[in-house]
Amino acid sequence: MRPEARTRFAPSPTGLLHVGSVRTALFNYLFAKKNGGKFILRIEDTDRIRSKREFENGIMEDLRWLGLRWDEGPDAGGEKGPYRQSERIGIYTDTAGRLLENGLAYRCYCTQERLDALKREQLKAGSPPRYDGKCRTLSEKDVPAGVTPSIRFRVPEKRITFDDGVHGTLSFDSRLFGDFVIIGSDCIAAYNFAVVADDALMGITDIIRGDDHVSNTPRQILLFEAMGLRPPAFTHIPLVLDRDGAPLGKRHASASIKGLREEGFLPGAILNAIARLGWNPGEGRLGLDEMTGLFSVKRLSKSPSAFDMERLKAFNKEELARTDGAALLELAGLPVERGLLDAASAVKRNAITMKDFKTLITPFAGDVEISGDIRSMLMEPYARKVLDALRDSVFKAGLLDEMNYNEIIESVKQATGEKGKRLYLPVRGALTGQTEGIELAAILKLLGRDRVLKRISAFLA
RNA sequence: GGUCCUAUCGUCUAGAGGCCCAGGACGUGGCCCUCUCAAGGCCGAAACACGGGUUCGAAUCCCGUUAGGACCGCCA
C-alpha cells in the first residue's frame, strides 16, 4: 500500500510571501489533500542574518488568510518536529556525523582563499567550477591545527536519473559537481543537506517545488541514497514571471500577498488567479475543495507563466459579486445593518477591489464629504437650480422607489430645462460626494427620502 | 564556459500525428445600452519562434538554430 502522502511548503522567512511561492504552497496543499495526506509547513531559517521572525509570522498569516491550512508546522506542532530549521541544528550534526563514520563524507580544511583562487582558475580555464577534492584523502597527520573544518559529501561518480512529475525523465552526471559542503565551518548545515535531512526525517513523500531546484535534485538524491533512503517523488514546476518575463522575486512588492490584501483583493480571487499559472483546471471560479478534486500533476504545464494583474482583477470582481452583502460589510469593517445590507448588494457589482467597495458604500454608511471640485460644481447656478427643483420634487413624492424616480427626474428636467450631465451630475454629487457610482435610481431609493432631502438642503441653505 | 529546463494570440491556456487555414478565458478595438464607472448584449483584431527532417499527413515526433531561464557557493 502506498504510504500516506506528505508534502511540504518550506519558505525561508527572508521577505514577504509572494504569488510565486503561494503557487508552490497551493500545489503542495492540493496534492496532499487530493491524496488524503498531510501538508506540512517548514521554516527554512538557517540564514540567521536574513531570517526574521516577523517575516515568518507574516508568511503564516498570509497562508492562513488564503485558507491554506497546514497539518504540521512550527505553531501546529506534529510528531516530526521541530519545524524550524534553526531548531534542528543538532539533527543535521548527527546526520552528518553518521555520514562521516561511514566514510560517505569527510572533513575539509581548505581555506576560503584557496577555494576562491581555485574557482577563479577553473572559470578562467573554461571548466566548471567545483571542488578539486584536496581533502578527500587527507591523512590524520596532515590535518592543520586550529582550523575548524567544513564537512563535504563524497560524491560518487555516477549518472543520476529520476522521473520528474512534469518534465519526465531527467538525467545528470555527478562528475559535473564536486564534493559539496554539507556542514559549514560555522557548523551550520548547507541548504541541500538540511533539506534532505528534513525531508527524509519528516517523511516527505512528494516534493513539488520550483524549476530552480532541478539542478539541486541530483545532489539531493545522492544524499538520500547515502542515508540509505529512497528519494521522494520530485515535481518541478516552472517559475512564475512578471510581466517583463523576469522571474518573480521578493522585490516585487505588488506581487506580495500582503500587498494584494491591502489593495483589496480577496483570497478566493488570488487563489484562482494563482492556480492558473501553469495549471488549467478549466474556466470559472473554483473553491479550494473543488481545486483539490481537480488537481493532478499530469495537468501541470512545463513552461513558465507570467502573473497577470488584469486576470486577478477579473477574478476579484467575480469574487465580490458572489460574496453576500453581510460578509462584505464585515470585511469592510462596517456594521451589518439592514439599510447597509441593501446598499452593499447594490454596490458590489460595480467594484473591482474591496477598496472600490468601501468607496462606493461610503455615501450610504454615514455623512458624505464633498471635495472641493464637486463643491464648486455644485455652486454653479445651474446646479443649484437642479438641486432646488429636486428638493421640491422629492418633497412632494412620498416614499422613494424606482417607480417614481423617473417622475422625479422628469419633473426636475421640466423645471430647469437641464439634461444630460448638467442634470445628473449635480444630483449624484450632492447625494454621494462622488462623480461615479451605481445608478441614480438605486441611490435615491437606498438613501431614502429623509437623507436625500437633508443632503440637498445642505447645499441650498 | 559547462550542465539542465522551456518555447501556441498582449497574458493564462486548449491541443497526446488527421477532428486545427488552431478553440476558450482575461485584456483589447467597434457598436448597442447609458448621467458616470461598471455590468450586460452583439461584432472584430490577435498566436503554433526559425530552419531542417520523419510521415500520405505535424502546433503535436526527431535534429539544429535562435531566444529566455535555472543551476554550477561554507546563499536559500
Side-chain angles (χ1 to χ4, degrees), chain A residues 10-14 44-47 49-51 85 108 110-112 115-116 119 122-131 148-152 164 166-167 170-173 175-178 180-195 210-219 236 238-239 241 243 245-247 273 275-284 298 301-315 317 321 347-352 356 360 409 418-429 432 434-441 443:
Chain A
S12 40
T14 54
E44 306 212 328
D45 56 351
T46 49
D47 184 339
I49 301 148
R50 291 192 298 155
S51 295
Q85 287 192 330
C108 172
C110 291
T111 60
Q112 193 60 53
L115 262 18
D116 288 344
K119 188 173 168 182
Q122 286 169 328
L123 246 20
K124 219 168 86 184
S127 51
R130 57 186 162 119
Y131 183 60
T148 316
S150 61
I151 300 175
R152 285 185 186 271
D164 185 276
V166 337
H167 296 286
L170 260 23
S171 183
F172 295 83
D173 190 335
R175 275 171 302 191
L176 261 11
F177 34 87
F180 53 90
V181 170
I182 55 177
I183 302 274
S185 54
D186 53 2
C187 296
I188 291 182
Y191 170 76
N192 276 311
F193 184 62
V195 165
D211 260 354
D212 49 342
H213 290 289
V214 169
S215 22
N216 282 325
T217 308
R219 262 168 271 253
H236 290 97
L239 265 18
L241 315 173
R243 204 195 257 93
R276 277 160 179 90
L277 264 22
W279 181 39
N280 178 31
E283 299 297 334
K298 286 197 180 65
S301 152
K302 286 178 174 183
S303 50
S305 44
F307 178 66
D308 183 9
M309 213 46 185
E310 295 306 319
R311 197 91 187 284
L312 208 217
K313 285 183 188 167
F315 274 119
K317 194 184 285 177
V347 136
K348 68 182 185 183
R349 288 202 157 274
N350 284 50
I352 291 175
D356 302 332
L360 288 167
I409 287 296
E418 297 292 355
K419 59 175 183 176
K421 288 191 177 184
R422 285 167 66 92
L423 169 65
Y424 294 104
L425 224 46
V427 177
R428 180 179 290 280
T432 67
Q434 298 167 0
T435 53
E436 35 188 72
I438 60 171
E439 52 193 346
L440 272 179
I443 291 173

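Note that this is a predicted model, so its numbers are computed, not measured. Chain letters run A, B, ... following the sequence lines, proteins first, then strands; residues in each count from 1.
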Set out, in order, the CA-CA distance, both residues' side-chain angles and the distance that settles side-chain contact (heavy atoms from CB on, under 4.5 Å) for A:F172 and A:R219, then state yes or no. CA-CA 10 Å; A:F172 295 83; A:R219 262 168 271 253; over 6 Å; no

With both distances under 3.5 Å as the test, what is the Watson-Crick or G-U wobble partner of [N]?
N	result
B:C9	none
B:C4	B:G69
B:C50	B:G64
B:C35	none
B:G29	B:C43
B:C21	none
B:C75	none

Any A:K317 side-chain N or O less than 4.0 Å from OP1/OP2 of B:A39: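 For B:A39, OP1 or OP2 has a side-chain N or O of A:K317 closer than 4.0 Å.
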
Go through [options] for me and flag the one nearest to the [X] side chain.
X	options	value
A:S305	B:A25, B:U36, B:C12	B:C12
A:D308	B:A38, B:U11, B:C12	B:U11
A:L239	B:C4, B:A70, B:G10	B:A70

With sugar-phosphate meaning primed atoms plus P, OP1 and OP2, does [X] contact a base, only sugar-phosphate, or nothing at under 4.0 Å between heavy atoms?
X	result
A:R428	base
A:G278	sugar-phosphate
A:P238	nothing
A:E310	sugar-phosphate

When you match A:W279 and A:K302 each to their closest nucleotide on RNA chain B, which lands nearer the 5' end?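 So the residue in question is A:K302.
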
Is any side-chain heavy atom of [X] less than 4.5 Å from a side-chain heavy atom of [Y]?
X	Y	answer
A:N350	A:E436	no
A:I151	A:F193	no
A:T217	A:H236	yes
A:R130	A:L176	no
A:I438	A:I443	yes
A:P238	A:K302	no

For [X] and [N], what is the distance between atoms [atom1] and [atom2] respectively, to the nearest whole Å?
X	N	atom1	atom2	result
A:Y424	B:U36	OH	C1'	12 Å
A:R311	B:U11	CZ	C1'	8 Å
A:L170	B:C5	CG	C1'	8 Å
A:N280	B:A14	CG	C1'	7 Å
A:E439	B:C33	CD	C1'	12 Å
A:I443	B:U34	CD1	P	18 Å
A:E436	B:C35	CD	P	16 Å
A:K348	B:A39	NZ	C1'	13 Å

Say you pick atom [atom1] in [N] and the same atom in [M]; how far apart are they, in whole Å?
N	M	atom1	result
B:U36	B:C31	P	15 Å
B:C37	B:G29	P	14 Å
B:G18	B:U3	P	35 Å
B:G10	B:G27	C1'	8 Å
B:C74	B:G69	P	25 Å
B:A22	B:C63	P	28 Å
B:A25	B:C21	C1'	23 Å
B:A14	B:C9	P	13 Å

For nucleotides 71-76 of chain B, just jot down a letter per nucleotide in 5' to 3' order: B, S or -, based on protein non-hydrogen atoms under 4.0 Å. SBSBSB

Look at the side chain of A:S301 and the backbone N and O of A:S303, then say whether any donor-acceptor pair between them is shorter than 3.5 Å.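 Between the backbone of A:S303 and the side chain of A:S301 there is a qualifying donor-acceptor contact (under 3.5 Å).
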
Check: A:G282 main-chain N/O paired with A:R276 side-chain donor or acceptor under 3.5 Å: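 Such a contact is found between A:R276 side chain and A:G282 backbone.
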
Criterion side-chain contact (heavy atoms from CB on, under 4.5 Å) on A:L115 and A:Y131, from CA distance to verdict: CA-CA 8 Å; A:L115 262 18; A:Y131 183 60; 3.8 Å; yes

